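The structure appears below as structure tokens.
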Amino acid sequence: MHTLTKLISGLLFASTLLSHSVLQAAVMHQVNAVPGGVVVIRLDKVKTRQAPTARFIKRKIMVTRKSATDPYWYAVIGVPLSVKPGQYKLLVTARTRSGSYIKKAYPFKISYKKYRAQYIKIKNKRKVNPYKRDLTRIFAEYKVIKKAYSQWTPKSKVPLKFDPPVRGRFSGSYGSRRFFNKKPRKPHSGMDIAAPKGRPVRAPAKGRVITIGHYFFNGKTIFLDHGQGLITLYSHINKIKVKPGQHIARGQIIGTVGKTGRATGPHLHWTVRLNGTSVDPALFMHRRYNRQSSTRKRRRRRKSNRH
Ligand SMILES: [Zn+2]
């Protein structure tokens, strides 16, 4: 191998490795440099007055610290499911104390991940092939949802560890390629947790209610803003217990489990969004929960409630 090529590939390997260890050790529990995953990159130490700004494929990226005294800033990148595996760059701009700007590109690699195919039978055919008047409603809702998703609240401390929002059985994983009544539809944008109707749904971390609504596919839904483009969504809710603008504490009840919208049975559909894209919610949770839930999933695959 050519020496320069060797050096470059060595550097890339080192940067990927660093992002893994940082995430596992300090900022979050797991990392996945794959479509639908999260990549954390430690930025070079620069004496700055404010947090550096970071961009990835033209998106504004979260930049945070472990504590107010931490000398390092970390960029936390949500990788869209649609991104092709390959080499990418995070573009960072830092303003020094003297007022000059330092720009740097941090290369990182996104690997391929194969997500499972899932075949779901929906009895209400209208939820798979909506009527013309439904499409008008769906389009209007899409605009409202898109606006809620575009929320960006500057916040120095963003919660990156989440509690499970509801006690229940893991019934559908993020990213699965879905077929409703044998028709291909969008990949699963979140995690499904099956639980009896009426069971409390709790905020997995501190946040603020962006909006609430009752939508054609998602049913009754709550949007929480945790800061710097980290947004969570709770769908198919039976009863919503919060109001737009309300500040929510970690563990506070925000609603109850239901099956409103397109659902095969009572469950919570939970979406986590980062820099305008959905990412795997499991990456923000404690490892123990993930292990338990995947065992349960294997055991009771037949009776899974999901959308
Ligand atoms: Zn779902």
Side-chain angles (χ1 to χ4, degrees), residues 35-37 78 80-82 113 115-128 130 138 141-142 145-146 148-149 162-204 212-224 231-238 240 254-274 277-285 289-290 293-294 296-298 300-307:
L81 265 179
S82 56
K113 180 172 179 181
Y115 288 99
R116 263 191 336 131
Q118 238 178 5
Y119 298 87
I120 297 159
K121 211 174 166 204
I122 301 275
K123 278 191 199 133
N124 183 353
K125 291 195 175 87
R126 194 171 157 187
K127 294 284 177 193
V128 181
I138 291 164
E141 289 176 359
Y142 170 75
I145 293 169
K146 206 177 152 194
Y149 281 160
F162 288 161
D163 300 324
V166 69
R167 198 161 45 82
R169 178 169 47 84
F170 183 91
S171 63
S173 58
Y174 170 86
S176 48
R177 296 166 293 125
R178 301 200 132 181
F179 297 83
F180 287 98
N181 300 353
K182 293 179 185 166
K183 290 193 168 64
R185 290 292 181 265
K186 276 191 207 152
H188 194 216
S189 60
M191 171 190 276
D192 290 338
I193 305 167
K197 184 178 161 187
R199 184 169 283 176
V201 174
R202 294 168 187 277
I212 55 172
H214 192 168
Y215 309 112
F216 186 81
F217 291 122
N218 290 2
K220 287 186 189 169
T221 299
I222 303 156
F223 294 79
L224 291 188
I231 289 160
T232 54
L233 190 81
Y234 307 81
S235 295
H236 312 306
I237 295 290
N238 185 46
I240 294 177
I254 55 172
T256 57
V257 171
K259 55 169 191 172
T260 53
R262 185 179 61 188
T264 56
H267 76 284
L268 174 72
H269 169 93
W270 181 35
T271 294
V272 175
R273 292 185 61 101
L274 190 58
T277 189
S278 72
V279 289
D280 189 352
L283 297 171
F284 293 78
M285 303 224 293
Y289 179 80
N290 293 330
S293 49
S294 59
R296 281 180 194 164
K297 181 182 68 186
R298 272 196 296 277
R300 307 189 202 174
R301 190 171 282 167
R302 254 173 272 149
K303 278 164 70 188
S304 47
N305 294 339
R306 57 208 172 188
H307 119 60

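Throughout, residue positions are numbered sequentially from 1 according to the sequence presented. All of these numbers come straight from a predicted model, not from anything done at the bench. Numbering of ligands and ligand atoms starts at 1, following listing order.
Not a single N/O/S atom of His236, whether from backbone or side chain, sits less than 2.8 Å from the Zn ion (ligand 1). At least one N/O/S atom of His269, from backbone or side chain, sits under 2.8 Å from the Zn ion (ligand 1).
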Exercise for the section: Output, in order, the C-alpha distance, side-chain angles, deciding distance and verdict of side-chain contact (heavy atoms from CB on, under 4.5 Å) for Ile231 and Leu233. Expected result: CA-CA 7 Å; Ile231 289 160; Leu233 190 81; 5.8 Å; no
Practice task
Test Leu268 against Ile237 for side-chain contact (heavy atoms from CB on, under 4.5 Å), laying out the working first.
Solution key: CA-CA 7 Å; Leu268 174 72; Ile237 295 290; 3.9 Å; yes
Exercise for the section: Could you please spell out the steps behind the side-chain contact (heavy atoms from CB on, under 4.5 Å) verdict for Leu81 and Tyr115? Expected result: CA-CA 10 Å; Leu81 265 179; Tyr115 288 99; 3.4 Å; yes
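Ring-plane geometry between Phe162 and Trp270 is classed as tilted, the angle between the planes lying from 30 to 60 degrees on a 0 to 90 degree scale.
For the Zn ion (ligand 1), the nearest N, O or S atom contributed by Asp192 is named OD1.
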